[in-house]
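Presented below is the structure to which this report refers.
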There are 2 protein chains.
Amino acid sequence: MRGQALKGHLDLLLLAILADGARHGYAIIDELRKRSDEAFDLPEGTVYPALHRLQKGGFLSSEWTEVQGRRRRTYRLTEQGRGALGEQRVAWNDFTEAMSRVLKGAAWPDTP
Amino acid sequence: MRGQALKGHLDLLLLAILADGARHGYAIIDELRKRSDEAFDLPEGTVYPALHRLQKGGFLSSEWTEVQGRRRRTYRLTEQGRGALGEQRVAWNDFTEAMSRVLKGAAWPDTP
DNA sequence: ACTCTATACTATGTTTGGCTATGTGTCAAT
DNA sequence: ATTGACACATAGCCAAACATAGTATAGAGT
């Protein structure tokens, strides 16, 4: 997946993953990779700071858990986070619709 | 339209507009606003530097014209630019498909 | 005359946010 | 012992959209 495409859309992805249930960071990365069919293979340096940011903004809560000697910080959506997910879904739809309106106006090289 | 959503997708928009024919900067902004149904109302400080960047990259060529005392720099797609448009269209489709795969997995608040 | 708006381009600086790179530590398998 | 998967953290980089301001012409309104 090309570089900075998901700029501004990462939060939506993370919120969407967490809407299906609480997960810890590493599992979120995994799930993102699986669901997107390998398209989104995000580095930890991208995801962890984003999770911190979302928690700081009140969209996520988190708690430490210990599983077989490994500490995990498990995140879950707050009420506010669920609201933000809805808003961002709408924003994403608006965005893609606007994009297609612009793109459909343009001629394809090989379309009559 | 929320702020930095089109980060990384602006080039595609500009190339798409210019695929329908040469235009000058201001007209591109207009066309973008119209086609997107007011969703993309981009400031000049966003579009002009992007056009310069695209020209520098060899995707656009430009020439000065004088229309009723107003100078205009008219841009047109180069062959390379047309190629880039194709690639970026594919990348955009891949991106949106990956997004929907992730998003469709998540539960809507009010869907059974 | 004067002002305002629309047209049209340029330059400078700021900021956002994803990414690189690096570091910590555990556990299982080789 | 060492590698690799698991799991988290953070300092710093950098592209790119945006804010802001400046220049200049034309036409409409007052």
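Labels below follow one simple rule: chain letters A, B, ... track the order of the sequence lines, proteins then strands, and each chain is numbered from 1.
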Nearest-Å distance, CG (Leu12(B)) to P (dA16(D))? 14 Å
Ignoring the backbone of Glu44(A), work out which of dG18(C), dC8(D), dC19(C) is nearest its side chain. dC8(D)
Please name the pair of heavy atoms, one in Ala50(B) and one in Leu10(B), separated by the smallest distance, quoted to 0.1 Å. CB-CD2, 3.7 Å
Tell me: CZ of Arg72(A) to C1' of dT24(C), nearest whole Å? 18 Å
Send over the distance from Ile28(B) CD1 to dA17(D) P, rounded to a whole Å. 14 Å
Measure from CG on Leu6(B) to P on dG17(C) and round the result to the nearest Å. 13 Å
Gap between atoms CD1 and P, on Ile29(A) and dA9(D) respectively (whole Å): 11 Å
Does dA8(C) have OP1 or OP2 under 4.0 Å away from a side-chain N or O of Arg71(B)? no
Atom-pair distance (CG on Leu42(A); P on dC8(D)), nearest Å: 15 Å
Between Leu14(B) and Leu60(B), is there a side-chain heavy-atom distance shorter than 4.5 Å? no
Hey, is the main chain of Gly58(A) close enough, under 3.5 Å, to the side chain of Thr78(A) for a donor-acceptor pair? yes
Does any part of the side chain of Glu66(A), heavy atoms only, come nearer than 4.5 Å to the side chain of Arg71(A), both counted from C-beta? yes
Looking at Asp11(A) and Arg53(A), does any basic side-chain N land under 4.0 Å from a carboxylate oxygen? yes
Which class fits the ring pair Trp92(B) and Phe95(A): parallel under 30°, tilted 30 to 60°, perpendicular over 60°? perpendicular
Give the rounded distance in Å between these two atoms: CZ of Arg23(B) and C1' of dT7(C). 16 Å
Contact class for Gly25(A) (heavy atom, under 4.0 Å): base, sugar-phosphate, or nothing? sugar-phosphate
Name every residue in residues 47-68 of chain B that has at least one heavy atom under 4.0 Å from any atom of DNA chain C, in order of residue number, or write none if there are no such residues. Tyr48(B), His52(B), Trp64(B)
What nucleotide among dA6(C), dT10(C), dA5(D) has an atom nearest to a side-chain atom of Arg70(B)? dA6(C)
Given dC6(D), dA8(C), dA17(D), which nucleotide is nearest the side-chain atoms of Tyr26(A)? dC6(D)
Whole-Å distance separating the CG atom of Leu13(B) from the C1' atom of dA16(D): 14 Å
Measure from the side-chain N and O atoms of Arg76(B) to the backbone N and O of Ala22(B), and report whether any donor-acceptor pair falls under 3.5 Å. no
Taking OP1 and OP2 of dA9(D), is either one under 4.0 Å from a side-chain nitrogen or oxygen of Arg73(A)? yes
Checking contacts here: which listed nucleotide (dA17(D), dT26(C), dA19(D)) is nearest the side-chain heavy atoms of Thr46(B)? dA17(D)
Closest to the His24(B) side chain: dT25(D), dA19(D), dC9(C)? dC9(C)
